[in-house]
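Heads up: the structure comes next, in structure tokens.
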Amino acid sequence: MAFDRQFLSRIGGSGNSGAAWIYTSNQVISEVIADGFFSAAQSELKTGDIIFLVDRLAPDGPAATLSFVKFNNGTLVKVGSGTNIPLTA
């Protein structure tokens with residue numbers, strides 16, 4: 001599946017600090033962290049911004065990963081592989 005702007009929301013950040021974002025969709029995290037996935041949002045995402053990635057349809061319940069924008073040259077956006085946030089009861 002392709003990037004869908006309606007699932008990306010800025011949740012924090014102001015001034016010269018980086019921003020925090022959340023991308024919540026039905027896509028597996030491996031698709032979302034692929035190079036170029038977020039390129040359509042290149043004008044909004046800045047290198048160093050934090051992104052919470054949430055897959056609502058993961059087999060064991062929602063899966064979350066904390067990632068960041070590691071590269072944005074104005075055309076291509078790359079994010080880090082991220083750190084899984086385990087689902088606990």
Side-chain angles (χ1 to χ4, degrees):
M1 295 171 91
F3 170 78
D4 189 332
R5 179 60 186 85
Q6 71 177 331
F7 298 126
L8 180 67
S9 298
R10 186 175 173 145
I11 56 174
S14 63
N16 292 327
S17 68
W21 300 84
I22 187 166
Y23 187 78
T24 303
S25 71
N26 298 335
Q27 296 165 270
V28 295
I29 299 298
S30 61
E31 291 177 5
V32 175
I33 63 171
D35 288 353
F37 182 84
F38 285 101
S39 291
Q42 54 77 26
S43 65
E44 298 175 89
L45 298 172
K46 307 297 182 222
T47 301
D49 284 357
I50 300 290
I51 307 177
F52 293 94
L53 307 170
V54 179
D55 170 8
R56 293 186 298 221
L57 296 181
D60 295 326
T65 298
L66 178 61
S67 187
F68 66 99
V69 178
K70 66 179 184 179
F71 178 84
N72 181 345
N73 68 359
T75 303
L76 177 66
V77 174
K78 295 181 182 182
V79 299
S81 58
T83 300
N84 181 52
I85 302 170
L87 177 66
T88 57

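Everything quoted here is computed from the prediction, not taken from an experiment.
- In plain terms, the two heavy atoms of Val79 and Ser67 that are nearest each other are CB-OG, 3.7 Å.
- Considering CG of Asp55 and OG of Ser30, their distance stands at 9.0 Å, rounded to 0.5 Å.
- Of all non-hydrogen atoms in Ser39 and Leu76, the two that sit nearest each other are OG-CA, 3.4 Å.
- Under the 4.5 Å side-chain heavy-atom criterion for ILVMFWY residues, no single connected hydrophobic cluster contains both Leu53 and Leu57.
- Within the model, atoms CD of Gln6 and OG1 of Thr24 stand 11.5 Å from one another, a figure rounded to the nearest 0.5 Å.
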Inset, instruction - Report the C-alpha separation of Lys46 and Val69 in whole Å, then their side-chain angles, then the decisive distance to 0.1 Å, and conclude whether the side chain to side chain contact (heavy atoms under 4.5 Å, CB included) test is met. - result: CA-CA 7 Å; Lys46 307 297 182 222; Val69 178; over 6 Å; no
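- With rounding to the nearest 0.5 angstrom, the CD1 atom of Ile22 is 11.0 Å from the CD1 atom of Ile51.
- For the salt bridge (charged side-chain N to carboxylate O under 4.0 Å, His left out) condition, the pairs that include at least one residue of residues 27-41, sequence neighbours left out, are Asp35-Lys78.
- Hydrophobic clustering places Ile11 together with Val54 (ILVMFWY residues linked when any side-chain heavy atoms are closer than 4.5 Å, directly or through intermediates).
- The two residues Lys70 and Thr47 come nearest to each other via the heavy atoms O-CG2, 3.9 Å.
- Cluster membership check: Phe7 shares its hydrophobic cluster with Val77, using side-chain heavy-atom separations under 4.5 Å among Ile, Leu, Val, Met, Phe, Trp and Tyr.
- Side-chain contact check for Gln42 versus Thr75: every heavy-atom pair is 4.5 Å or farther apart.
- Every pair passing ring pair (Phe, Tyr, Trp, His ring centres under 6.0 Å) that includes a residue from residues 10-32 is listed here, sequence neighbours excluded: Phe3-Tyr23, Tyr23-Phe37, Tyr23-Phe38.
- Listed here is the closest heavy atom pair of Glu44 and Asp49: O-OD2, 4.0 Å.
- The OG1 atom of Thr65 sits 4.0 Å away from atom CD1 of Ile29, with the distance rounded to the nearest 0.5 Å.
- No continuous path of ILVMFWY side-chain contacts below 4.5 Å connects Val28 to Ile33, so the two sit in separate hydrophobic clusters.
- The shortest non-hydrogen separation linking Val32 to Gln27 is CG2-CB, 3.9 Å.
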